[in-house]
There are 2 protein chains.
Amino acid sequence: MSTLTAKGQATRDRIVEATADRILAAGIGATSLDDVRADTTTSKSQLFHYFPGGKAELVRAVVALQGERVLDAQRPALAALDSLEAWEAWRAALLAHYAAQHGWGCPIGSLAAEAAGTDAELAEQIDDYLRTWRGELQAGLERMAAAGKLRDDAPPPERLAAALFAQLQGGLLLTRTEQALWPLEAALDGALVQLRAALAS
Amino acid sequence: MSTLTAKGQATRDRIVEATADRILAAGIGATSLDDVRADTTTSKSQLFHYFPGGKAELVRAVVALQGERVLDAQRPALAALDSLEAWEAWRAALLAHYAAQHGWGCPIGSLAAEAAGTDAELAEQIDDYLRTWRGELQAGLERMAAAGKLRDDAPPPERLAAALFAQLQGGLLLTRTEQALWPLEAALDGALVQLRAALAS
DNA sequence: TACGGTCTGGACCATGGAGTCCAATCGACT
DNA sequence: AGTCGATTGGACTCCATGGTCCAGACCGTA
């Protein structure tokens, strides 16, 4: 792993991406290394060549990739969540991302439950990821609070961020069970209603 | 299976309950029949005696039990969700239930992702369950709308119910990752904010 | 006490999937 | 061409786990 040829890097990437697709569609447990092998036309030895830690390491790479993708999709909006318009832009970015995603993959949050039982380290990684994501929302709210844009009787940024983030995650969950985008839309609308209610008049 | 002695019924119940605990703590995939056997001091033959369909049938029984439990916890409040006070009572009932639950089991919604990959029938059962739960909220909102208690420009009951339900499910997700109750509290607070915003003045 | 059904124990089988190993090939650099 | 490491193929081992089977214990009834 010290040195990776361009070819090797390409193979590695191919493996991670294909595995990500499968895991998002079927879950971790339902994704076998043989599946991955078939999807990528690779051999067992390659899987373990690029991921000496075996399936656990591969899955961790997948989670990191997918996490980065989702964060990237909100990136410009996420950095400047300090006005109602910015939050509306954030909402739009999320909807665009999940609408474009082929299939209705399970949200990362749903993997947490599965990971908790099988791989404590992975569970920790997912929890950390969710915390940083939520932290971004909280940071935006804190900037707004500091600028006096929030009502005095509004919930503190930490709680408000948790509520908004929960709204989002729940929306993703329903979007998956319903195989449709509208629950996520409805959820994000609800999040904005909450935000407006917290805005200083 | 046709006839169950009191003793047999007791054993069966013991199996389902112990399995429920394990599944809620570790997920479906991380719960093996041998684990269940050990937890309940039963033998393989008993497991298959009471659940001829094997693990799949057992898991379905667990989901049914847990679903019923959660619904029961909200029962009185759920039947009369037609005023702000009723929704506040509902919120309190949920918090009480999840606070009392030992450990921070994964919400049923989180099992959906795992089930989707391994047992389509189970996934369907879980989806149905989530739909009826959400349907209860929607029914309450529809009664309120019919009684003119909702603003004309409020979202339609279906979307509002989805938003509130998503808020709840997301709250459960965070409560698990944080191993604390406050995210669920914050989420339910957010749900009530949304509800108030939809109330006719 | 004999009988029939339910209940229980635990050995046994089958299989899928993770992980190992070695030999063969490729490709860059000398 | 020669060499060395990166890359690849695929057979093989090992084991966890779901599922089968049968013999025996329990228990109510005739």
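Throughout, protein chains are lettered first and strands after them, A, B, ... in sequence-line order, and every chain is numbered starting at 1.
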Do B:Gln9 and B:Arg12 have side-chain atoms, one donor and one acceptor, less than 3.5 Å apart?
no
Near-strand residues of residues 116-125 of chain A, defined as heavy-atom separation under 4.0 angstrom from DNA chain D:
none
Sugar-phosphate means primed atoms, P, OP1 and OP2; the rest is base. With that split, encode nucleotides 17-30 of chain D 5' to 3' as B, S or - using protein heavy atoms under 4.0 Å.
SBBBB----S----
Assuming nearest nucleotide by heavy-atom distance, tell me which of B:Gln9 and A:Thr5 is located more 5' along DNA chain C.
B:Gln9
Give a yes/no answer on whether the side chain of A:Tyr50 brings an N or O atom under 4.0 Å of OP1 or OP2 in D:dT8.
yes
With respect to the phosphate group of D:dG10, does any side-chain polar atom (N or O) of A:Ser43 fall under 4.0 Å of OP1 or OP2?
no
Take the protein atom NE2 of A:His49 and the nucleotide atom P of D:dG9, then report the distance between them rounded to whole Å.
12 Å
Using whole Å, what does the distance between atom C1' of nucleotide C:dT8 and atom CG of B:Leu4 come to?
14 Å
Does a donor on one side chain sit under 3.5 Å from an acceptor on the other, for A:Glu136 and A:Gln74?
no
Provide, to the nearest angstrom, the distance between the CZ atom belonging to B:Phe51 and the C1' atom belonging to C:dC7.
14 Å
According to ring-ring contact (aromatic ring centres under 6.0 Å, His included), does anything in residues 116-138 of chain B pair up with another residue at least two apart or in another chain? List the pairs.
B:Tyr129-B:Trp133, B:Trp133-B:Phe165
Could you tell me whether the side chains of A:Gln125 and A:Glu121 share a donor-acceptor contact shorter than 3.5 Å?
no
